[in-house]
Protein chains: 2
Amino acid sequence: MTIRTVADDAGVSIATVSRVLAGAETVDPALRRAVQVSVRKLGYSRNTIASALRSSKTRTIGMVLPEIANPFNTDLVQEVEDALHARGFQLLLCNAHQDVEREREALQSLLGQQVDGLIVSPVDATGSMEAVQAAARARPLVQVDQRIEGLDADWVGVDDERGIRQVLEHLVEQGVKSVGFIGARETDSSGAARHQAFRRLCRHFDLSFSENWIMLGEYSASFGRSATASMAEQGTLPDALVCGADIIAIGVLQTCHRSGIAVPKDLQVTGFDDIEFADLCTPRLTTVRQPLEAMARQAVRLLLEDGDEASVRLALAPEMTLRESTGKPAS
Amino acid sequence: MTIRTVADDAGVSIATVSRVLAGAETVDPALRRAVQVSVRKLGYSRNTIASALRSSKTRTIGMVLPEIANPFNTDLVQEVEDALHARGFQLLLCNAHQDVEREREALQSLLGQQVDGLIVSPVDATGSMEAVQAAARARPLVQVDQRIEGLDADWVGVDDERGIRQVLEHLVEQGVKSVGFIGARETDSSGAARHQAFRRLCRHFDLSFSENWIMLGEYSASFGRSATASMAEQGTLPDALVCGADIIAIGVLQTCHRSGIAVPKDLQVTGFDDIEFADLCTPRLTTVRQPLEAMARQAVRLLLEDGDEASVRLALAPEMTLRESTGKPAS
DNA sequence: CTGAAAGCGCTAACAT
DNA sequence: ATGTTAGCGCTTTCAG
């Protein structure tokens, strides 16, 4: 069934049908009604492919994530989907599986599908440069969460330094004197930013830390478990452990539970992100909430509205969420 | 840049370029090479939209989920995406937000985009009938996880009865005499199946339960928390609580923790799904693992390979995962 | 084995 | 305000 079927049924030309479908004002109300009746009667739905080919507008946005399995990224997808839906756009989702080559393929495939824009959270702060840069030349592109060092493209994320500052301020108030950091490797741009902010701000707040108390690895609970276990074996622990991500912090809590380290009494623990499970684990996790909904909305706004001025960097303010792992009484 | 650009560069006709791009065997090796060189040199990528319009094949599959926020559905998306990717298909994802009307819109929109097939986990065991049936008439469609009562369309999911049987057998071995059930409402088809299996099999295993120990609600941790709290207030608890989903069981564990009910000593708790967090909560949760990877693979197979024979119902066998919440010692 | 040419269903001039 | 028509970029007969 095509626009022709509808036109014949309604007794008008295909142009008129097309106009009604597009919501044009310049159509006689009587004809408009006739077309709408036919459309409903026949159960017609417009062929988006043909429309896209002709108008070169697909109303579809491609999104490439480093790894869908991460709960944080999942939350991000959800918010982006909502923000796009609100503007009548579809989401085409790809998973790079932490692999720069698959990321390149995904980008290429999305371009072939003529997406109107791309939202990307790059796999690697440096290794993703080439493919993402090429994509950015072909279409509007905005980076979300992760970013590429030195790439001239918009970015929306959280203010990592401010988040870490809030964590450390809170720990100082809690009487903490010494701290450690468990986070993501340097290829993870936000992990790197948090790590660097941690080092800088520890000096600022006069908190002591040793290199033994700093461990970088992957974004996973198992890394949090093993890092904590090896830290505990090596000797004394700091008063608090700051984690670069909730999923890592949850691993830390598990090892503490199994090793009889009482949280928060013996050791305070903080996360970053505020994923759903931060409120479901035991003890519940003090963490830094990322403004995901705002991030998604801004990313979509930049993608669809931004003229091609200089590239924008939006570091949104996070919000501290206090829970049991730093001493808030269980409710 | 179009196929024409490449054809001119390689000194052949657009038909030859199209053939090379399609991987046709009937092309002179020399010309093939020339085209491939030009394609690479120019960085050309084929316009999928035009290709789709002409061939009416998009190599895209639409998926509609009742709620992306559910971790179980997220896991499902991931597996489906992988299974599709392995066959060279793209995923177009829509979230129905538990709303039958939005589900209908999503289906309609996906059909307009000429997807080659649909994978749907219906919002409501009865209310989703009309929209899903209409979609199934237009394109190949397979249901995954949730299903619609009486709809003539393929379905792939888990064998709920078998899962519940495994749970109850295990509990009997653990010396449990009385049990309760906290699960999803009847509009959730797998929730309903588990609930019914629970009632039937309790008799079979001679386990006692009272209506006070059965609560049905939504698929969330907060429902698990409140259900447990109100059950505890009402009087004595059973020896074990069987939950229709991990996310509900996690809420149960939280209320137990806060109310001083020791799990598994005072009360054993089981989940269903085996989401990632079942292994990260405290105590770790005994649950029924859904064979998600196989489900996704089979769903995709049915979608792409199944002739239009009678509709298939594939109830895959789940696997019991024993953990601390029913007495396995912490490792 | 290769090329010319006819559309796929729609939109957007342009003409009426 | 409505209709006619020329493509969008590609695939696929059909000739050669």
Side-chain angles (χ1 to χ4, degrees), chain A residues 1-36 38-39 42-60 88 90 108-116 138-139, chain B residues 1-36 38-39 42-60 88 90 108-116 138-139:
Chain A
M1 173 170 31
T2 78
I3 209 178
R4 171 92 262 159
T5 326
V6 178
D8 291 348
D9 185 83
V12 298
S13 74
I14 61 167
T16 299
V17 177
S18 179
R19 288 190 186 106
V20 173
L21 258 29
E25 295 299 311
T26 68
V27 177
D28 186 293
L31 294 190
R32 151 178 279 109
R33 186 145 320 260
V35 169
Q36 285 164 341
S38 296
V39 163
L42 301 168
Y44 168 81
S45 77
R46 134 134 122 291
N47 184 328
T48 330
I49 296 294
S51 168
L53 176 60
R54 180 55 230 248
S55 64
S56 46
K57 280 180 172 25
T58 55
R59 296 196 74 77
T60 294
Q90 279 283 344
Q108 196 68 15
S109 153
L110 256 11
L111 289 177
Q113 310 212 25
Q114 313 301 118
V115 294
D116 292 339
R139 301 275 153 175
Chain B
M1 173 171 31
T2 79
I3 210 180
R4 173 89 265 160
T5 326
V6 178
D8 290 348
D9 185 82
V12 298
S13 74
I14 62 167
T16 299
V17 176
S18 179
R19 289 189 186 108
V20 172
L21 257 28
E25 295 298 311
T26 68
V27 177
D28 186 292
L31 293 190
R32 152 178 277 106
R33 188 146 316 262
V35 169
Q36 286 166 340
S38 295
V39 164
L42 301 168
Y44 168 80
S45 76
R46 135 136 122 292
N47 184 328
T48 329
I49 296 293
S51 167
L53 176 58
R54 181 54 231 252
S55 64
S56 47
K57 279 177 171 30
T58 55
R59 296 196 74 77
T60 293
Q90 279 281 344
Q108 196 69 12
S109 153
L110 257 10
L111 288 178
Q113 311 213 22
Q114 313 301 117
V115 293
D116 293 338
R139 300 275 154 174

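Computation of the quantities below employed the complete heavy-atom set of this structure, encompassing side-chain atoms and omitting hydrogens, waters and symmetry-equivalent molecules. None of the values given here were measured: they were computed from a predicted structure. Here is the naming used below: chain letters follow the sequence lines, and residue numbers restart at 1 for every chain.
- Within the 4.5 Å cutoff, no side-chain heavy atoms of A/D9 are placed close to those of A/T5.
- For A/S56 (side chain) and A/A52 (main-chain N/O), no donor-acceptor pair under 3.5 Å exists by modelled atom type.
- Rounding to whole angstrom units, CD of residue B/Q114 and P of C/dG9 are separated by 9 Å.
- Here the CZ atom belonging to A/R139 is positioned 6.5 Å from the CG atom belonging to A/L111, to the nearest 0.5 angstrom.
- Within 4.0 Å of A/I14, counting heavy atoms only, lies at least one base atom of the nucleic acid.
- For B/S51, whose side chain is taken as the heavy atoms from C-beta onward, the closest listed nucleotide among C/dT2, D/dC10, C/dC10 is D/dC10.
- Each of B/A52 and A/R19 has a nearest nucleotide on DNA chain D; the 5'-most of these lies closest to A/R19.
- In this structure, the CD1 atom of A/I49 is 13 Å from the C1' atom of D/dG9, given to the nearest Å.
- Between the base of D/dG9 and the side chain of A/R54 there is no donor-acceptor pair shorter than 3.5 Å.
- Remark: P of C/dA4 and CG of B/D8 are 11 Å apart, rounded to the nearest angstrom.
- Rounded to an integer number of Å, the gap from B/N47 CG to C/dC8 C1' is 13 Å.
- Mapped onto DNA chain C by nearest heavy atom, B/S55 and B/D28 fall at different nucleotides, with B/D28 at the one closer to the 5' end.
- The separation between A/L21 atom CG and C/dA12 atom C1' is 15 Å, rounded to whole Å.
- Between A/T58 and A/Q113 there is no side-chain heavy-atom pair separated by less than 4.5 Å.
- Comparing D/dG3, D/dC10, C/dG3 by their nearest atom to the side chain of A/S13 picks out D/dG3.
- If you take CE of B/M1 and P of D/dG9, they are 12 Å apart, rounded to a whole angstrom.
- Across C/dT11, D/dT2, D/dG3, the shortest atom-to-atom separation from the side chain of A/T26 is found for D/dT2.
- Distance A/I3 CD1 to D/dT5 P: 16 Å, rounded to the nearest Å.
- Within 4.0 Å (heavy atoms only), B/S18 reaches at least one base atom of the nucleic acid.
- Ranked by how close their nearest DNA chain C nucleotide is to the 5' end, B/L31 and B/L53 are led by B/L31.
- Nucleotide D/dT12 holds its C1' atom 13 Å from the NZ atom of B/K57, rounded to whole Å.
- Formation of a donor-acceptor pair under 3.5 Å by the B/S55 side chain with backbone atoms of B/S51 is found in this model.
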